Protein chains: 2
Amino acid sequence: MLLSEVNHFANAIEKMLVRGAGLIGSTAAWGMYVSTLHQSEANDIDWRKKIKADATKLIKTRPTAVNLKWAVDQQLKAINDCASLPEALETSFQIATKIWNEDAQMCKDLGVHGLELIDKISRKKNGKTVNILTHCNAGWLAFVDHGSATSPIYAAFDQGIDIHVWVDETRPRNQGSRLTAWELGEHGVPHTIVVDNAGGHLMQHELVDLVLVGSDRTTGDGDVCNKIGTYLKALSAKDNNIPFYAAMPSSTIDWSREDGKSTPIEIRESDEIKYMEGLDQDNNLTSVLLTPASSNASNFAFDVTPARLVTGIITERGISKANRQALLSLYPEFSA
Amino acid sequence: MLLSEVNHFANAIEKMLVRGAGLIGSTAAWGMYVSTLHQSEANDIDWRKKIKADATKLIKTRPTAVNLKWAVDQQLKAINDCASLPEALETSFQIATKIWNEDAQMCKDLGVHGLELIDKISRKKNGKTVNILTHCNAGWLAFVDHGSATSPIYAAFDQGIDIHVWVDETRPRNQGSRLTAWELGEHGVPHTIVVDNAGGHLMQHELVDLVLVGSDRTTGDGDVCNKIGTYLKALSAKDNNIPFYAAMPSSTIDWSREDGKSTPIEIRESDEIKYMEGLDQDNNLTSVLLTPASSNASNFAFDVTPARLVTGIITERGISKANRQALLSLYPEFSA
């Protein structure tokens, strides 16, 4: 699919042709570049106003994902500072490139810190398999590269640490059983798909050593908003004394927000629950109806795990406790 | 499908053509009658031994469901006490009938006690909608009639109490979105399907007043084994101060067991996770592959919610705290 207009970018994000914290941000950054590309200074047209309208359009597509707003705001500010449209075009290209490259680099760097954590658990288990449970897809399919939650996993696997990943199916969009399972399989990482319901039982029976998830928006106080169902896994991790970590590039931290309860939660189409796509026996992608046609369904896309349930936050600068003081000691530039 | 041989009954239970605590027990009771029906006293054949082998076959089909063993054991004991095969045939017919009728009656009676609970919440909310979250199907499709978790719901609805039910999809077999949603729809009860991941978010946002589930086996000490994922909902209910009740006829209580951790947990075929059945656009029942073909999947069918997370147990004799002393005060005949 050719993305040649801002509407294409907005549609790709909204319909989840691209999804995942980092990839949404980077895609939106390129969308802003394309917006600039389509402007004209002829006939006294207010190109800044038109770019701003495109920015609003892009931001509205996914209300929870903070990387989206973070990337678009960076572009808007830089474009507004430009004296001319040609300068804005050059600048927005540079910024999109920077966001794109930084996303991959931050994910790579946080993988190094997360690897230390997995290595510690492996040593404590005398090299026995480290079982990691993850929810949704926070892999390289969700970022420019490496992924957030998967970055430490790939780093640990590549270093020869014996790991196995429990992959939550992640209803209703099945990002776990479709994307994470595929990613891990391609990389050769041993993994097993489970339904979202199974994590508690696995943790009760000492079959999980570490819960490792991504985030779509984490408040400066450490409340982690992530794919719906994450909170349930965090509760279970707490109840069974299992470490629960969220991995994210710092672009996912919403410094201005304290309480995660105020994080806007996207509500999506009920048909994403009522219908499911898969391969039929002729290998054709087919959508099937799973429920009574007349029943309603509600589709909340994210939930918030309060900081008290989060053992730590893995960022590109290191691992932090889930509170503002600890996060700010890694990111002093965000201090008031 | 004609159930004319014990193998048919065993197959129907194992493949989940019939499922649900009460219905499994009743079906097995009739299976035992059919076993007796097929015996012969000719040629000195040891008919008691053959019936016992059939009993073992039936019990093995679903290791977690305690109503199954409860019903088969009742039949076995009664049949063994008979002096002749004709007497055994008459007796096993009577016992199957009794189990069948009692199952419906117990479910009806526990509904009256559960109704009081819902009525109390409704009054506390000044008649505003009582939102009940349920997991799996513990409805009349799972019992001879009324259901366990649904019995108080139907009783409350029929009495005009304003209720709304959040129906957990219940992966991987979708008993919630397929069976409970259909049952509630047929009865006119307002309901909304949600994915299993959503319950925590709903509870955090005061959208749930009561969690009400069934059980496949509850220990004498009050540990509730139920469909996988129930434990996660109980954790969330506790974390948000929402009452969590399990409703069951006393036939589901395993008096001999203390710690729910020792409850045998059935592990089913991984294809139940990897494939999903639904209606395609031509309204044909079609199975689609949801995951990479090469990925493994693990399918634990139940989990155990420890008594400390259970607000109360609704039985046909009343509502009890989830501990042995309280349960025995309702069922003194099981005291040591």
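Each chain gets a letter, A, B and so on, in the order its sequence line appears, and its residues count up from 1. All values below were derived from every heavy atom in this structure, side-chain atoms included, with hydrogens, water molecules and symmetry-related copies excluded. Only a predicted model underlies this, so the values are computations on that prediction, with no experimental measurement involved.
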Go through the atoms of A:S287 and report whether side chain, backbone, both or neither lie under 4.5 Å from a heavy atom of chain B. backbone
Tell me if the NZ atom of A:K128 is crowded by more than 12 foreign heavy atoms within 6.0 Å. no
Describe, in one word, how the ring planes of A:H187 and A:F157 are oriented to each other, choosing from parallel (under 30°), tilted (30 to 60°) and perpendicular (over 60°). perpendicular
Best-contacting candidate, B:P292, B:A293, B:A301, against chain A by heavy atom pairs under 4.5 angstrom: B:P292
Let me know if B:Y275 has heavy atoms under 4.5 Å from chain A in its side chain, its backbone, both or neither. neither
Against chain A, work out which of B:N299, B:D303, B:N296 has the most heavy-atom pairs shorter than 4.5 Å and name it. B:N296
Residue-level interface, residues 168-178 of chain A with chain B, non-hydrogen cut-off under 4.5 Å: A:E169, A:T170, A:R171, A:P172, A:N174, A:S177, A:R178
Which answer fits A:I265, side chain, backbone, both or neither, if we ask what part of it has an atom under 4.5 Å from a heavy atom of chain B? side chain
Chain A interface, residue from B:H135, B:K274, B:K261 that has the most non-hydrogen pairs under 4.5 Å: B:H135
Could B:K227 and B:D196 be called an ion pair, given the rule that one side-chain N must be under 4.0 Å from one carboxylate O? no
Would you mind checking which part of A:L179 comes under 4.5 Å of any heavy atom in chain B, side chain (CB onward), backbone (N, CA, C, O), both or neither? neither
Interatomic distance, B:I153 atom CD1 to B:E183 atom CD [nearest 0.5 angstrom]: 9.5 Å
Among the options B:N284, B:I273, B:L285, pick out the one with the most heavy-atom pairs lying under 4.5 Å from chain A. B:I273
Quick check on the interface: out of A:L202, A:I193, A:D239, who has the most heavy-atom pairs with chain B under 4.5 Å? A:I193
